[in-house]
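Working notes, beginning with the structure itself.
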Amino acid sequence: MKLGKLLFVFSLLVSIWACNNSDDGFEVIPPRLLAEVEIENDAEIREYLSTHFYNYEEFQNPPVGFDFKIVVDTIAGENADRIPMIDQAQSATVSVSSVEFALEETTTVDHTYYYIVAREGIGESITVADSSLVRYEGSLINGLVFDGSENIPIWFDLARIQAPLQGFRGFSEAMVNFRAGGEFQTNPDGTFTVDGFGVGMMIFPSGLGSFNGSQAGIPQYSPIIFTVDLFTVNRTDHDGDGIPSIMEDVNGDGFLFNDNTDEEAETDNFILATADFQDPDDDEDGTPTREEIIINADGTITFPDGDGDGIPDYRDPDTN
């Protein structure tokens, strides 16, 4: 099942909990604790990185005809002298709230993901709010491949796939460490050519994946590995309000779904709560955001503050 299809299926799930029969019917087994699983997952990931290497020598000195694909193998036998990925990987930390998985516990736990930049792209950098054309393969630590796009690259909206309960926030977070390729050229036979595209690998814990959710090929609480080729990037404005989606990450934490200026008003009026980057009227004052900002000739944006309270009009229901 392709990742795009997995995301559609996963968006319909709230959470799947294991159940045991009891005399009174079904006994729901609560999900494990975020912090507990994070510790276990991090140990699994670090063990994997310590005992495996990738074909870094080919990336350092590309042989004729090299396809610039990451190949991973175990450090053993004739490969005993290879550099383990733990010595080449970089890492970053992301705060994950229990709310993202509809857990009963109320907590926020830092999760570490690891990534390797096998080849830095020559093109644009990417943000968690952008769309990206990628070729990818998804697998578990045991090597089982659960998904991939070998021949047909796929567009991924990195903002949407980090939605709560989707299961791929780690993918979105890790992609910002890679760069796209150069000019995108379409060939007469329908294929395309991109020089110098970025190539990398990411490994993230289940708290940045599907955690206690289950889906075909990915067991509960499983760390996930992706290899990616990043071809090109499109900047996004999901709600068409004139403000790039990445600029609607008001708190700057890289997670767009917890930025909702008018959440209280939406709740009070029984309106579906909508994050700012998907909401054309961010403050629910009846005036579209596009009419409360000024897009200058050079593409920059001016944010008027009519009442001088330090809150721009498009986020201030007191002005319209």
Side-chain angles (χ1 to χ4, degrees), residues 2-8 10-11 92 94 100 115 121-136 149 152-184 186 192 194 197-198 200 202 208 226 228-263 266 272-283 288-303 312 314-315:
K2 296 300 181 185
L3 180 53
K5 294 180 180 178
L6 289 175
L7 295 177
F8 174 76
F10 225 73
S11 67
V94 178
E100 295 175 38
Y115 65 95
I122 63 174
E124 294 181 281
S125 58
I126 189 170
T127 78
V128 294
D130 295 328
S131 291
S132 59
L133 182 65
V134 300
R135 182 169 58 201
Y136 70 95
S149 173
I152 304 176
I154 291 179
W155 280 100
F156 282 121
D157 184 330
L158 298 185
R160 296 190 190 280
I161 69 173
Q162 66 170 206
L165 306 177
Q166 292 281 28
F168 293 99
R169 181 180 175 188
F171 187 93
S172 176
E173 294 280 357
M175 282 296 293
V176 304
N177 301 293
F178 310 124
R179 301 179 73 90
E183 183 180 357
F184 189 97
T186 302
F192 67 88
V194 179
F197 56 85
M202 62 182 77
L208 290 172
F226 279 103
V228 294
D229 302 330
L230 175 55
F231 295 118
T232 191
V233 174
N234 275 347
R235 306 302 178 192
T236 57
D237 175 9
H238 289 84
D239 51 15
D241 63 1
I243 303 177
S245 291
I246 190 61
M247 293 181 66
E248 302 210 62
D249 177 22
V250 179
N251 60 17
D253 67 351
F255 188 54
L256 277 67
F257 286 89
N258 62 6
D259 297 279
N260 187 0
T261 299
D262 56 7
E263 182 174 10
E266 289 172 334
L272 179 65
T274 304
D276 287 349
F277 82 102
Q278 297 177 313
D279 190 347
D281 181 5
D282 290 321
D283 56 8
T289 294
R290 181 63 186 85
E291 297 179 14
E292 296 186 285
I293 65 173
I294 299 171
I295 300 179
N296 304 306
D298 62 359
T300 59
I301 304 174
T302 298
F303 299 97
Y314 83 98
R315 298 185 62 239

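- Remark: Phe197 CZ to Leu133 CG distance equals 11.0 Å, nearest 0.5 Å.
- The CD atom of Glu248 lies 6.0 Å from the OH atom of Tyr314; values are rounded to the nearest 0.5 Å.
- Rounded to the nearest 0.5 angstrom, Ser132 OG and Asp229 CG are separated by 11.5 Å.
- With contacts defined as side-chain heavy-atom distances shorter than 4.5 Å, the pair Pro280/Thr289 does not qualify.
- Using modelled atom types, no side-chain atom of Ser172 and backbone atom of Ala159 make a donor-acceptor pair closer than 3.5 Å.
- The two residues Met175 and Val134 make their nearest non-hydrogen contact at CE-CG1, 3.7 Å.
- Across every non-hydrogen atom of Trp155 and Asn234, the tightest pair is CH2-ND2, 3.5 Å.
- Considering CD of Glu263 and CG of Asn258, their distance stands at 9.5 Å, rounded to 0.5 Å.
- Note: Phe168 and Phe156 fail the aromatic proximity criterion, with ring centroids not under 6.0 Å apart.
- In terms of modelled atom types and a separation under 3.5 Å, the side chain of Asp237 and the main chain of Gly242 share a donor-acceptor contact.
- Here the closest non-hydrogen pair linking Gly182 and Ile122 is N-CG1, 3.6 Å.
- Residue Asn260 comes nearest to Ala273 through the heavy atom pair ND2-CB, 3.8 Å, listed as atom of the first residue, atom of the second, then distance.
- With hydrogens and angles ignored, the 3.5 Å screen pairs no side-chain donor or acceptor of Asp249 with any backbone N or O of Ile246.
- In this structure a side-chain-to-backbone donor-acceptor pair under 3.5 Å is missing from Asp262 to Glu266.
- Taking OG1 from Thr127 and CG from Leu158, the interatomic distance works out to 7.5 Å, rounded to the nearest 0.5 Å.
- Contact between Val194 and Gly181 at its shortest, heavy atoms only, is CG1-CA, 3.7 Å.
- At distances below 3.5 Å, at least one donor-acceptor pair connects side-chain atoms of Asp298 with backbone N or O atoms of Thr300.
- Side-chain contact between Glu124 and Asp130 is absent, with no heavy-atom pair separated by less than 4.5 Å.
- Remark: the backbone N or O of Gly254 is paired with a side-chain donor or acceptor of Gln162 at under 3.5 angstrom.
- Panel note: side chain Thr274, backbone Asp279; no donor-acceptor pair is recorded below 3.5 Å.
- Ser245 contributes a side-chain N or O that, together with a main-chain N or O of His238, makes up a donor-acceptor pair within less than 3.5 Å.
- One N or O on the side chain of Arg179 and one on the backbone of Gly123 form a donor-acceptor pair closer than 3.5 Å.
- Under a 3.5 Å cut-off, the side chain of Asn251 and the backbone N or O of Asp259 do not form any donor-acceptor pair.
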For Asn177 and Met202, what are the C-alpha separation, side-chain angles and deciding distance, and is it a side chain to side chain contact (heavy atoms under 4.5 Å, CB included)?
CA-CA 10 Å; Asn177 301 293; Met202 62 182 77; over 6 Å; no
Kindly determine whether Phe171 and Val228 satisfy side chain to side chain contact (heavy atoms under 4.5 Å, CB included), including the steps that lead there.
CA-CA 10 Å; Phe171 187 93; Val228 294; 3.8 Å; yes
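- Here CZ of Phe303 is found 4.0 Å from CE of Met247. Values are rounded to the nearest 0.5 Å.
- Asp282 and Thr261 share no side-chain donor-acceptor pair at under 3.5 Å.
- For the pair Thr236 and Phe277, the minimum side-chain heavy-atom distance is 4.5 Å or more.
- Nearest heavy atom pair, residue Phe178 against residue Gly200, reads CE2-CA, 3.8 Å.
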Could you go step by step and tell me if Asp241 and Arg290 meet the salt bridge (charged side-chain N to carboxylate O under 4.0 Å, His left out) rule?
CA-CA 5 Å; Asp241 63 1; Arg290 181 63 186 85; over 6 Å; no
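- Every residue two or more places apart in sequence or in another chain that forms a ring pair (Phe, Tyr, Trp, His ring centres under 6.0 Å) with Phe192 is listed here: Phe184, Phe231.
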